[in-house]
Amino acid sequence: MDGQVSAIQRYCVTDGYGIRTIVFLAGCTMHCLWCQNPESLSNAPRLMYVDNLCAGCGMCKIVCPLDMHGGEAATNWVKNYKNCEKCLKCADVCPYMALNVSSKIMSDEQVVKSVMKDEVFYRNTGGGITLSGGEPLLQADFSAEILSKIQAAGISTAIETAGFVTFAKIEKVLPYTDLFLYDIKAIDQGTHKKYTGVDNAQILRNVRKLARMGKEIIVRVPLIPGVNDGAEFTKIADFAKSLDTVQELHIMPFHNVGADKYRQMGLHYEMGDVKEDNEEKVEEARIYAESLGLRVSIGGSGY
Ligand code: SF4
Ligand code: SF4
C-alpha cells in the first residue's frame with residue numbers, strides 16, 4: 001500500500017520511549033496557527049524553495065512551462081506561487097536541492113525498511129517507530145500497515161495524533177499501537193476553535209474512549225504564549241489527570257523554527273511576532289502538572 005510521507009527523522013528521543021524514528025505523514029485535519037510542520041498540512045505535494053541553496057544555474061527556468069522562475073535564479077517563484085501548477089518539474093532538475101517537494105509517495109514496505117535500519121537501537125533502548133504528521137490517522141490504513149509490520153517484528157509502536165478524526169480511523173490502528181501521544185491544545189471550545197480552526201468535542205471524546213479501553217496515552221501540549229500557557233493549561237492538565245491511563249504529560253514550548261518553511265512554501269506564518277522566550281510559563285506549567293502526580297517532560301518534535 002502507498003501513502004504520502006513528508007519526512008523520516010531518525011534518532012529522536014522525545015517522541016515516545018527510547019530511541020525512535022519519526023515518520024511524518026502528509027495531510028492534516030486541523031490548522032493550528034503555530035504549526036511548525038506546514039509541509040505536512042496538505043496531502044498533496046508542494047514546492048519548497050530554499051533561497052540560500054540556489055546557485056542561479058537557471059535549470060528551473062528552462063523546464064517550467066509557466067516561466068515562473070524569473071531572472072537568472074528561482075527568486076520569483078514564491079511571489080508567483082498562486083499560479084504554479086505544481087508539476088514539480090523544476091524540483092526534479094534542480095541540482096542544488098534549492099527546490100524541494102514537501103512530501104512524496106512511499107510504499108509501506110519502503111517505510112518499514114527505512115525504519116528497521118535502526119533496529120539495533122530500538123532493541124537496546126526500548127525505542128521504535130512513532131507516526132506523526134500532520135495527522136497520521138488521515139492515512140489510517142497506511143498507518144495500520146506500517147505499524148502492524150513493525151509490531152510483528154517485536155518493536156515498539158507509537159502514534160502522535162491530534163485526535164480530530166472519527167473513532168473508526170483510530171480503531172484501524174488500535175491493535176498495532178502500543179502508545180498514543182495525544183495532543184490537546186485547549187479545553188475551552190472557543191479558544192480551540194479560534195486557534196486550530198476546529199471544535200474540540202470529538203478530540204476529547206476520542207481520548208476518553210481510548211483511556212476507557214485501557215490504551216497507554218501520553219498527553220502532549222504545545223505551550224503557546226497567550227493561548228494556553230496560563231489558566232487554559234491548568235484545565236488541560238486537570239483533564240489529562242482525569243484519564244485513567246495517562247501518567248505522563250509532555251510540554252512542548254513554543255518556538256519559531258518552522259517559520260522559514262512557511263517562507264519557502266510561499267505561505268504566511270501567523271505567529272512570527274510571538275516571542276519564544278516563555279521559560280517562566282513552561283516552569284509554571286511543569287510545576288502544576290507535577291503537583292497533580294503526572295510525570296512531566298519538556299520537548300517533542302511534532303506540533
Ligand atoms: S512546479 Fe511550478 S514553478 Fe516548478 S516547473 Fe512546475 S509550474 Fe513551474
Ligand atoms: S535549478 Fe535550483 S539552483 Fe538552479 S536556479 Fe533553479 S532553484 Fe536555483
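Since this is a predicted model, take the numbers as computed values, not measurements. If you read the sequence from its start, that first residue is 1, and numbering goes on from there. Counting convention: from 1, in listed order, for ligands and their atoms alike.
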**Message:** Taking side-chain hydrogen bond (donor to acceptor under 3.5 Å, both in side chains) as the criterion, tell me which of Gln247, His250, Glu248 meets it with Arg295.
**Reply:** Glu248

**Request:** Give a yes/no answer: is there an N/O/S atom of Cys54 under 2.8 Å from atom 2 (Fe) of ligand 2?
**Result:** no

**Message:** Under a plain distance cut-off of 3.5 Å, with no hydrogens placed, do Asn228 and Tyr195 share a side-chain donor-acceptor pair?
**Reply:** no

**Message:** Distance check below 2.8 Å: does Cys57 bring an N, O or S atom to atom 4 (Fe) of ligand 2?
**Reply:** yes

**Request:** Taking the side chain as every heavy atom from C-beta outward, state whether Thr196 and Phe164 have any atom pair closer than 4.5 Å.
**Result:** no

With heavy atoms of [X] as the reference, note each atom of ligand 2 found under 4.0 Å away.
{"X": "Gly56", "value": "5 (S), 8 (Fe)"}
{"X": "Ala55", "value": "3 (S), 8 (Fe)"}
{"X": "Gly58", "value": "4 (Fe), 5 (S)"}

**Request:** May I ask you to decide if Gln4's main-chain N or O and Ser103's side chain share a donor-acceptor pair within less than 3.5 Å?
**Result:** no

**Request:** Examine distances only and state if a side-chain atom of Lys215 and a backbone atom of Leu174 form a donor-acceptor pair shorter than 3.5 Å.
**Result:** yes

**Asked** Which part of Leu99 is near ligand 1, with near meaning a heavy atom under 4.0 Å away: side chain, backbone, both or neither?
**Response** neither

**Fill in**
Between the SG atom in Cys60 and the CG atom in Leu99, the distance rounded to the nearest 0.5 Å is 5.5 Å

**Asked** What atoms in ligand 1 come closer than 4.0 Å to a heavy atom of Met68?
**Response** 3 (S), 8 (Fe)

**Complete:** For Leu88, the atoms of ligand 1 under 4.0 Å from one of its heavy atoms are 1 (S), 6 (Fe)

**Message:** Please determine whether His69 has a backbone or side-chain N, O or S atom lying under 2.8 Å from atom 8 (Fe) of ligand 1.
**Reply:** no

**Asked** Val63: heavy atom below 4.0 Å from ligand 1, yes or no?
**Response** no

**CA sep, side-chain torsions, deciding dist, call: Glu119, Arg123, side chain to side chain contact (heavy atoms under 4.5 Å, CB included)** = CA-CA 6 Å; Glu119 181 178 356; Arg123 296 210 184 276; 2.8 Å; yes

